[in-house]
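Here is the naming used below: chain letters follow the sequence lines, and residue numbers restart at 1 for every chain. Side-chain atoms are counted along with the backbone in the values below, which use heavy atoms only and exclude waters and symmetry mates. These figures come from a predicted structure and were not determined experimentally.
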Amino acid sequence: MTDPRRTRLLNNCQESNGPVIYWMSRDQRVRCNWALLFALQKAESLQQPLIVLFTLAPSFLQAPLRHYEFMLKGLQEVEATLCSLNIPFCILQGEPENELPRFAQKMKAGVVVTDYSPLKISRRWKKSVAGQLQVPLYEVDAHNIVPCWIASGKQEYSARTFRPKVNALLAEFLTEFHDIKPRSVSAELKPVDWNRIVQSLKADPALMPGEKAAANCLETFLVSRLASYAEQRNDPNAGAVSTLSPYLHFGQISAQFTALQTAKSNAPEIDRKAFLEELIVRRELSDNYCCYNDHYDSFEGLPSWAKVSLSSHSGDPREYIYTPEEFETAATHERLWNAAQLELVKTGKIHGYMRMYWAKKILEWSETPEQAFITAISLNDRYALDGRDPNGYTGVAWSIGGLHDRPWFERPVYGKIRYMNASGCARKFDIARYIARCEENDLFSP
DNA sequence: ATCGGCTCGCGCAA
DNA sequence: TGCGCGAAGCCGAT
């Protein structure tokens, strides 16, 4: 049974007699998906078929082929798994605000269910769809362990203020999932014509997409790397991190399932705690920021002490100034920074510690902090497999804009924003080895 | 190797 | 109104 606090009704329409549609968006998986479970529950109580629908918006077509393939491969697996459960799946291409109401009408849908995202584009789509539908539109937070609006009703100042709220609710929300039984009633739908959606899909051997690959990735991490997580997570050469973020971003793995499995692992407590802090507190804090601050993707959204401080230093002379193109092509004077950019471009991922360093140097070497923000967001959105995600926006705001952080002593360009430099990296890990690995032609084995 | 200071404001205790 | 303390650090002193 889905906790009713996970679910919100987005319009005031009455249920009618017809199939239940789950409009899958952020949570692209069958297992451990509260939105799918809620839709199933509705379908069962109304004795109606369930249809899962994915809308492929044209705006996503600008994403690099790697991202597109990663997502579509994952969706092919979703289709196959749903098929084995006797649940039809279909993909519509076009703007969701046009396609979804049209589809709901065509299928004579009785209820529509969707998953939750705090991003503006998603909120805009849902608002429009909720207004057009003649039937209820439910939104289910299937991404967070504690539903974003239950964890806190306002923008949190820092992890310190958010942590006790989330942790106190874990006893209620960090619960086990149950399996889905195959459906007996089904709606007839044509299978997805994958050839029409993309010419050829080839898997990226460095990073296999999909729910099964995500589950394997988690399993490997828990068995072989979690035990050194606390000590080695800030060493990009150690390969101690989970590498789950692309799967989490596309919803190919559930954060809640990940947390449950982590808690059960026999790694030392210090490592489990360190990983759960990142997985739960910091990840869900980024949804909180995007949910309650409309300017999450720009300088405007930053805390006022940071804006004041950065602005008062925006006229400071910069030792180096690069254009967005120079950043993009890894053409700065510093091999370490260029290596991080190469890692991002070649693999679609950037190590957590290096992502902070990478963003802070963009601040240091841009004409203005506003421009730095734009450059960092657009590079991350374009190249990171977990781009266009609350984590990315919040991470850039933390690095460049002191979000959720405290002020530190004042220095040129940075103002009171926490400073990082290459000697800090050198103290923590072997810089030369990191550079060599990033400059290699075929990335990437730790 | 380790430690304190840097600096602001939230949230709670009083 | 006062006080403790904080998402990942740096720097200089010991």
Side-chain angles (χ1 to χ4, degrees), chain A residues 144 151-168 228-238 240-243 245 248 255 270-290 292-293 296 301-313 319 336-337 340 349-364 376 380 386 389-429 431 434:
Chain A
N144 293 296
S152 171
K154 60 168 191 167
Q155 182 186 328
E156 290 295 330
Y157 184 75
S158 67
R160 170 172 60 95
T161 62
F162 187 61
R163 187 179 298 111
K165 298 184 183 180
V166 164
N167 285 342
S228 56
Y229 186 79
E231 201 194 311
Q232 298 195 58
R233 73 194 144 120
N234 282 342
D235 178 350
N237 296 321
V241 292
S242 76
T243 69
S245 57
L248 286 165
I270 188 173
D271 299 296
R272 279 183 281 131
K273 273 185 80 171
F275 181 63
L276 287 173
E277 164 76 12
E278 307 231 351
L279 178 74
I280 303 176
V281 177
R282 298 190 197 173
R283 201 183 46 82
E284 304 204 352
L285 180 59
S286 69
D287 260 37
N288 171 275
Y289 180 56
C290 296
Y292 296 112
N293 191 322
Y296 58 75
L302 301 178
S304 55
W305 66 264
K307 279 193 285 195
V308 167
S309 182
L310 283 170
S311 296
S312 76
H313 286 272
E319 204 174 341
L336 178 60
W337 191 91
K349 294 188 283 186
I350 186 163
H351 188 279
Y353 185 82
M354 286 309 294
R355 182 154 55 186
M356 297 189 283
Y357 180 80
W358 172 87
K360 283 183 184 289
K361 292 295 139 179
I362 294 177
L363 170 64
E364 193 175 325
N380 191 61
D386 60 347
D389 187 281
N391 280 322
Y393 300 121
T394 306
V396 169
W398 180 86
S399 303
I400 291 182
L403 176 75
H404 301 149
D405 202 8
R406 55 191 274 206
W408 299 83
F409 88 101
E410 204 158 357
R411 64 171 64 233
V413 184
Y414 283 79
K416 291 168 182 168
I417 303 301
R418 183 193 296 257
Y419 176 66
M420 283 176 80
N421 63 9
S423 49
C425 297
R427 238 177 285 127
K428 290 184 175 60
F429 62 91
I431 288 183
Y434 175 72

How many Å lie between [atom1] on [X] and [atom2] on [N], as a whole number?
{"X": "His351(A)", "N": "dA8(C)", "atom1": "NE2", "atom2": "P", "value": "16 Å"}
{"X": "Glu410(A)", "N": "dC6(B)", "atom1": "CD", "atom2": "P", "value": "14 Å"}
{"X": "Asp235(A)", "N": "dA8(C)", "atom1": "CG", "atom2": "P", "value": "18 Å"}
{"X": "Gln155(A)", "N": "dC10(B)", "atom1": "CD", "atom2": "C1'", "value": "13 Å"}
{"X": "Met420(A)", "N": "dC10(C)", "atom1": "CE", "atom2": "C1'", "value": "10 Å"}
{"X": "Arg406(A)", "N": "dG4(B)", "atom1": "CZ", "atom2": "C1'", "value": "11 Å"}
{"X": "Ile417(A)", "N": "dA8(C)", "atom1": "CD1", "atom2": "P", "value": "13 Å"}
{"X": "Met356(A)", "N": "dC10(C)", "atom1": "CE", "atom2": "C1'", "value": "13 Å"}

Given the [atom1] atoms of [N] and [M], what is the spacing between them in whole Å?
{"N": "dG9(B)", "M": "dC10(C)", "atom1": "P", "answer": "24 Å"}
{"N": "dG4(C)", "M": "dG4(B)", "atom1": "P", "answer": "16 Å"}
{"N": "dA14(B)", "M": "dC5(C)", "atom1": "P", "answer": "14 Å"}
{"N": "dG11(B)", "M": "dA7(C)", "atom1": "P", "answer": "13 Å"}

Using a 4.0 Å heavy-atom cut-off, does [X] contact any base of the nucleic acid, only the sugar-phosphate backbone, or nothing at all?
{"X": "Trp408(A)", "answer": "base"}
{"X": "Arg283(A)", "answer": "nothing"}
{"X": "Lys428(A)", "answer": "sugar-phosphate"}
{"X": "Arg427(A)", "answer": "sugar-phosphate"}
{"X": "Thr394(A)", "answer": "base"}

Checking N1-N3 plus N6-O4 or O6-N4 for Watson-Crick, or N1-O2 and O6-N3 for wobble, each under 3.5 Å, the partner of dT7(B) is none
Mate of dA8(C) across any strand shown (Watson-Crick or G-U wobble, both atom pairs under 3.5 Å) is none
What do the steps show when you test Lys360(A) against Arg418(A) for side chain to side chain contact (heavy atoms under 4.5 Å, CB included), and what is the final call? CA-CA 9 Å; Lys360(A) 283 183 184 289; Arg418(A) 183 193 296 257; 3.8 Å; yes
Where the side chain of [X] is defined as all heavy atoms beyond and including C-beta, which of [options] is the nearest nucleotide?
{"X": "Arg411(A)", "options": "dA7(C), dC10(C), dC8(B)", "answer": "dC10(C)"}
{"X": "Tyr157(A)", "options": "dC6(B), dC11(C), dG9(B)", "answer": "dG9(B)"}
{"X": "Lys154(A)", "options": "dG9(C), dC8(B), dG11(B)", "answer": "dG11(B)"}
{"X": "Pro407(A)", "options": "dC11(C), dT7(B), dA7(C)", "answer": "dT7(B)"}
{"X": "Phe409(A)", "options": "dC6(B), dA7(C), dA8(C)", "answer": "dC6(B)"}

Arg355(A) and Ser399(A) have their tightest heavy-atom pair at O-OG, 4.4 Å
| task | Would you check if there is a donor-acceptor pair between the side chains of Glu156(A) and Asn288(A) at a distance under 3.5 Å? | result | no
Problem set entry | Test log, rule side chain to side chain contact (heavy atoms under 4.5 Å, CB included), inputs Asn167(A) and Val281(A) | CA-CA 8 Å; Asn167(A) 285 342; Val281(A) 177; 4.1 Å; yes
Should Arg283(A) and Glu278(A) count as an ion pair when the cut-off is N to O under 4.0 Å?
no
Can you tell me how the ring of Tyr414(A) sits relative to the ring of Tyr419(A), calling it parallel under 30°, perpendicular over 60° and tilted otherwise? perpendicular
Using the ring of Phe409(A) (Phe, Tyr or Trp, six-membered ring only), decide whether Arg411(A) places NZ or CZ under 6.0 Å from its centre and within 45 degrees of its axis.
yes
Looking at [X], does any N or O in its side chain come under 4.0 Å of the phosphate oxygens OP1/OP2 on [N]?
{"X": "Ser423(A)", "N": "dC10(C)", "result": "no"}
{"X": "Lys416(A)", "N": "dC6(B)", "result": "no"}
{"X": "Arg163(A)", "N": "dA7(C)", "result": "yes"}
{"X": "Asn421(A)", "N": "dC11(C)", "result": "yes"}

